[in-house]
Amino acid sequence: MKKSFATAEKRVRYLGSAKEGVGHWWWQRVSAMALIPLSIWFIASLVLLSGADYSLWRAWVQSPYVAVGMALFMLGAIYHGVLGLQVVIEDYLPHHGSRLFWILLVNFAGWILGALSLVVFIQLFVGR
Amino acid sequence: MKTRPLSPHIEIYRPQLTSILSVAHRGSGIVLALGLPVLVLWFVALSRSAEAFHLAQSWAGSWVGRVALLVWSLCFFYHLLNGVRHLFWDVGMGYGLKATYRSGYAVVVLACALTAIAWIVGIFGARWIG
């Protein structure tokens, strides 16, 4: 190999991570941490209300704290789920085309589910 | 294709607690993700009418519904606890064979215990609310 006069820094510049490669990994952890209190609260609520009748459930979701908590839990869970499913797809689908297809499908499903749940929570909150 | 060194074949790999719990984290995550649309549909039913809500509740209370709820609750507690285990690893804590096995067994026992507690509270809580 010919001797290069470029410095070590010059040779590696723009070749490595732009600190974005860890974005997926990082947000998976951040959403996981956020989901610890949110999911415990959510599941505990469902368990305690499991025998409640229709009117009690409707009354529960009309509290603004509950509505905000449910929206945060649901969006966080969908986001965390989409990130997780993406890793699974990337690990087990070697073909680029099918990989792209399934990742896009999971993402679209996440957006649809998120939008649907938000509208439903707003409707439940205003009592419609 | 050139012959290249291969990683151990999964079929001849002796199962260990660590590998089982690792794949169970994935499996439970997938099950929980598949449960999210069902959960949203349940809220849709609650938002529509009392009839839709009662229909959703009768499905949840059916034999299939109860098994699904049992699997989901176990997956939830396992994924939550094992996720915390992963977060500790991420900050560099709990490594080493002994600590890993200890936390692994703890996660399995606690997940089963919390699932049992949730069902006991759910069943008896339903009686209290009546």
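Each chain gets a letter, A, B and so on, in the order the sequences are listed, and its residues count up from 1. Note: hydrogens, waters and symmetry copies are ignored here, and every other heavy atom, side chains too, is used.
A:Q28 places none of its side-chain heavy atoms less than 4.5 Å from the side chain of B:H86. Within the 4.5 Å cutoff, side-chain heavy atoms of A:I36 are placed close to those of B:L87. Contact of the B:L46 side chain with the A:Y54 side chain is registered, since non-hydrogen atoms from C-beta on lie closer than 4.5 Å.
Hydrophobic clustering (ILVMFWY, side-chain heavy atoms < 4.5 Å, transitive): A:L75 and B:L41 are in distinct clusters. With hydrophobic clusters built from ILVMFWY side chains whose heavy atoms lie under 4.5 angstrom apart, A:W111 does not share a cluster with B:L39.
Taking non-hydrogen atoms and a 4.5 Å limit, the residue list of residues 51-72 of chain B in contact with chain A, ordered by number, reads B:F53, B:H54, B:Q57.
Among all heavy-atom pairs drawn from B:F76 and A:I40, the shortest one is CZ-N, 4.3 Å. Contact detail for B:A33 and A:L85: the closest heavy-atom pair is CB-CD1, 3.9 Å. The minimum heavy-atom distance between A:S39 and B:L80, with the atom names listed, is OG-CD1, 4.0 Å.
Using a 4.5 Å cut-off between heavy atoms, A:I43 touches chain B through its side chain atoms alone. With a 4.5 Å cut-off on non-hydrogen atoms, A:V61 touches chain B through its side chain but not through its backbone.
In this structure, B:R26 contributes its side chain and A:V88 its backbone to no donor-acceptor pair below 3.5 Å. Of the possible polar contacts, one joining the A:S50 side chain to the B:G122 backbone as a donor-acceptor pair under 3.5 Å is found.
Ring geometry for B:F43 against A:F121 counts as perpendicular: the plane angle is over 60°, on a 0 to 90° scale with 30° as the lower cut.
Within 6.0 Å of OH on B:Y101 lie more than 12 heavy atoms contributed by other residues, nucleotides or ligands. Heavy atoms of other residues, nucleotides or ligands lying less than 6.0 angstrom from CH2 of A:W26 number 12 at most.
Ranked by heavy-atom pairs under 4.5 Å with chain B, the first of A:V119, A:D91, A:L35, A:I112 is A:D91.
Atom CD1 of A:I122 is separated from atom OG of B:S47 by 12.0 Å, given to the nearest 0.5 angstrom.
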